[in-house]
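Proteins get letters first, then strands, A, B, ... in listed order; numbering begins at 1 in each. Atoms considered below: every heavy atom in the structure, side chains included; atoms not considered: hydrogens, waters and symmetry mates.
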Number of protein chains: 2
Amino acid sequence: MSPHTRSTMKDVAELAGVSPKTVSNVLTGAAGVREETRTKVESAMAELDFVPNLSARGLRNGRSGVIGLALPDVGSAFSASITHEMLEAAHERGLMIQVEETAAEPEREYDLVSRARTHQVDGLILNPVRLEDSVVEHVGHLPPVVLIGEVEQHRTDRVFINSPVAARLSAQHMIQQGACRVAVLGGSQAAATDSKATMGQRLQGYVDGLREHGLPTPEELQVEVIEWTVEGGARGMQELLDREVAFDAVIAFTDSIAMGALHVLHSAGIRVPEDVLISGFDDVQHAAYTWPALTTISFDHRVYVDQALDLLAERIADRSIEPRAVEIPHTLTVRQSTDARPAGYLPTPRT
Amino acid sequence: MSPHTRSTMKDVAELAGVSPKTVSNVLTGAAGVREETRTKVESAMAELDFVPNLSARGLRNGRSGVIGLALPDVGSAFSASITHEMLEAAHERGLMIQVEETAAEPEREYDLVSRARTHQVDGLILNPVRLEDSVVEHVGHLPPVVLIGEVEQHRTDRVFINSPVAARLSAQHMIQQGACRVAVLGGSQAAATDSKATMGQRLQGYVDGLREHGLPTPEELQVEVIEWTVEGGARGMQELLDREVAFDAVIAFTDSIAMGALHVLHSAGIRVPEDVLISGFDDVQHAAYTWPALTTISFDHRVYVDQALDLLAERIADRSIEPRAVEIPHTLTVRQSTDARPAGYLPTPRT
DNA sequence: TTGAAAGCGCTAACAT
DNA sequence: ATGTTAGCGCTTTCAA
């Protein structure tokens, strides 16, 4: 039975017949240690089942080696993917990740930023929910923060994809495929003012894309989706059907929304892509395995989080550098969900 | 511009004209503090934008307030759901969650348990990947650990669903619906010895369910799936089709596997549920929104994580109590994916 | 109800 | 290459 009292560097030092500092040197590799001494220390550590106390190290160094990751909802496919990649990337850098969710109560985002220092984290990677700029703008003393997402602000570093361009690309693709009544699921122009930055940008790109081709962008084809989840997408699609307006393509603002929409379309007997085309955003793992497979905006999630961690590391090292914004390239990945000329959905039977 | 030097309790104490201990009392509410003093201290804290240093508190108290959550792959739907619920439950208890992934390198699981103390975590909730018992069995000094999943062992507390019963339930349901050649996607009897405990249990239940009804359980209907992901499910389903054996139902060992399988079935022109029935495990959020909606084994993920946190809290408080195992009730949720008498898939055209 | 002193385990700075 | 000293910020004695 091993003792419940944890051994300290002092214990190890005594057993090995050296000073605590030497044990520390062995552990951190800071100063050179003679091979003989190192061996002695290492066997003493093994015998005592020694593990360093990171709270003490954190207190001493002012660094915990922990990064906070704040996401709206880890249950959603995109957040889950980002978390997954972040854990991998952090592991490679010897960092730990403390995850927080902010969707349930928006004020958590504020709490998080303003009190990041208490959380034993060296910095924060924040994917904001809504009214995004306000959070970061309204806090006096900012800890090192990297924003991920399409928030326009200049107080923190950020990583983003060019959402307006991506949405325009999606719209153009729909038109190319023969669509002329393209709906959006995610946001409406009516709601764009006081809500998500991402939503506003994607909506703008969509509007631009249609207008370029002289197509109208009526409000009746724009459905706001409060929660960007599968369930939210299903509800949004149902609302679109309930409006009884004709449409022949749907651009969903996330893959999750698209998946919920697909379910409702299938249930209503509307064929994809024969009757209606549909596309998403983010290219989550599942997107290639929906039925039909989902056309979507792709970008490398690993590159995304690597950039975020790079920026954060640099800011932790030097808080005085100018905030930078890094754009991650995206592409349109065409799959079966837009691979046809749509016949269009009409609320009333055609003659 | 606020100062970069963080204020300490000493600073607050000086500004408020009290001792650091009093500030501590105000913060923790340990001893009674006179209303007048409390007000003074609180305004001093506000003025200095004070936040306590949790590393220092952790060092002093031997508690960090952080729980480690180790999962195979946060990108998978089930892990994402568990993480989501865990974050909510932890938030309500004032705990933080540090997440780790173990699927990429199985030895991480070992590292994690044996060195949990370094990670500034008070305890660990561990969803093991494979060879699960060995990890927990082979470490000398165990930190507080709660296992989630169907691992049979008696050194740690654990939370689980009764997988054999659940799998038998699924099999019986398939038979009730008229299936007689029921395949499994997730594990095979050939692979059951040295791999996942969960897999072995679900396989056993499946076998029992079929045998009860005098149905055979040939190896050719059992497909091992290494990664329990959508992609793994798709590959597994493809392998089953490539074997060119007849089947009229598929029990997938997770919903993610089922979703991948659904995609491949659709692509092959095999109708669900008209030709083949399919079911999953876990009832992730997406399961109700596949096409057709997925029959699956449901259990309350929130209850699951609440139980795990309860057990962990009790073990952290008292390490000497006997390890307990808590079974979470499950039900079979029947949806459209098994809502028909299957015609069956035959590799060669019928006559 | 509040203060003073001590120390949690570690490492930077300085000595040797 | 190794030892000594001091202190990170907090809270737990013990006194007042």
Side-chain angles (χ1 to χ4, degrees), chain A residues 3-42 44-45 48-66 115-122 143, chain B residues 3-42 44-45 48-66 115-122 143:
Chain A
H4 260 197
T5 52
R6 302 169 184 189
S7 46
T8 71
M9 281 183 31
K10 192 156 151 269
D11 302 327
V12 175
E14 275 167 19
L15 183 61
V18 297
S19 83
K21 173 60 182 160
T22 304
V23 179
S24 173
N25 285 339
V26 170
L27 225 60
T28 61
V33 178
R34 210 190 314 148
E35 197 48 42
E36 183 195 330
T37 321
R38 146 165 284 115
T39 316
K40 263 195 312 191
V41 170
E42 276 168 352
M45 293 198 303
L48 293 176
D49 191 23
F50 169 79
V51 282
N53 181 323
L54 293 191
S55 281
R57 184 181 287 173
L59 175 58
R60 178 66 243 218
N61 291 346
R63 289 278 183 83
S64 61
V66 180
R115 306 185 326 180
R117 289 166 291 169
T118 78
H119 288 227
Q120 308 151 290
V121 300
D122 299 336
Chain B
H4 260 196
T5 53
R6 303 169 183 188
S7 47
T8 70
M9 281 182 34
K10 193 156 150 267
D11 301 328
V12 175
E14 275 168 18
L15 182 61
V18 297
S19 82
K21 170 63 182 159
T22 304
V23 179
S24 173
N25 284 340
V26 170
L27 225 60
T28 60
V33 179
R34 211 190 311 148
E35 197 48 42
E36 183 195 331
T37 320
R38 144 166 285 113
T39 317
K40 262 195 313 190
V41 170
E42 276 169 351
M45 292 199 302
L48 293 175
D49 190 25
F50 169 79
V51 283
N53 180 322
L54 293 191
S55 280
R57 184 180 287 173
L59 175 58
R60 180 66 244 213
N61 290 346
R63 289 277 182 84
S64 62
V66 181
R115 306 185 327 181
R117 289 166 290 167
T118 77
H119 289 225
Q120 308 152 289
V121 301
D122 299 336

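- Projected onto DNA chain C by closest heavy-atom contact, A/Pro20 and B/Gly17 fall at different nucleotides, the more 5' of which corresponds to B/Gly17.
- Note that CG of A/Leu59 is 11.5 Å distant from CG of B/Leu54, once rounded to the nearest 0.5 Å.
- Side chain of B/Asp122 to backbone of B/Gly65: a donor-acceptor contact under 3.5 angstrom is found.
- Whole-Å rounding puts the B/Arg63 CZ to C/dC8 C1' distance at 15 Å.
- Atoms CE (A/Met9) and P (C/dC8) sit 14 Å apart, rounded to a whole Å.
- From A/Glu42, atom CD reaches atom OG1 of A/Thr37 across 11.0 Å, with rounding to the nearest 0.5 Å.
- One can place CG of A/Leu54 at 18 Å from P of C/dC8, the figure rounded to the nearest angstrom.
- What separates CG of B/Asn25 from P of C/dG3 is a distance of 10 Å, to the nearest Å.
- In the set C/dG9, C/dT2, C/dA13, C/dG9 carries the atom at the smallest distance from any side-chain atom of B/Leu59.
- Each of A/Leu15, A/Asp11, A/Leu27 was evaluated against A/Phe50; a single residue qualifies, A/Leu27, per the side chain to side chain contact (heavy atoms under 4.5 Å, CB included) test.
- In 5' to 3' order, the nucleotides of DNA chain D bounding all contacts with chain B (an atom under 4.0 Å from a heavy atom) are D/dG9 to D/dT12.
- Comparing B/Thr22 and B/Arg60 along DNA chain C, the residue whose closest nucleotide (by nearest heavy atom) sits nearer the 5' end is B/Thr22.
- Between the P atom of C/dT11 and the NZ atom of A/Lys21 lies a distance of 8 Å, rounded to the nearest Å.
- Distance check, rounded to the nearest 0.5 Å: OG of A/Ser7 to CG of A/Asn53 gives 11.0 Å.
- Residue contacts for A/Ser55: at a heavy-atom cut-off of 4.0 Å it reaches no nucleic acid atom on any strand shown.
- The pair A/Glu36-A/Lys40 does not count as a salt bridge, with every side-chain nitrogen at least 4.0 angstrom from each carboxylate oxygen.
- The phosphate of C/dT11 has OP1 or OP2 within less than 4.0 Å of a side-chain N or O from A/Arg57.
- Rounding to the nearest 0.5 Å gives a distance of 13.0 Å between CZ of B/Arg63 and CZ of B/Arg57.
- When atom types are taken as modelled, the side chain of B/Thr28 and the backbone of B/Ser24 share a donor-acceptor pair closer than 3.5 angstrom.
- Protein atom NZ of A/Lys10 is 10 Å distant from nucleotide atom P of C/dG7, rounded to whole Å.
- Within the structure, every side-chain polar atom (N or O) of A/Thr8 is placed at least 4.0 Å from both OP1 and OP2 of C/dG9.
- An end-to-end axis angle of 30° holds for the helix from C/dT1-D/dA16 to C/dT16-D/dA1, taken from five base pairs per end and rounded to 10°.
- Side-chain contact between B/Arg38 and B/Glu35: present, with at least one pair of heavy atoms (C-beta onward) separated by less than 4.5 Å.
- What separates CG of A/Leu27 from P of C/dG9 is a distance of 15 Å, to the nearest Å.
- Counting only heavy atoms from C-beta on, A/Ala56 has its side chain closest to C/dC10 among C/dG7, C/dC10, C/dT1.
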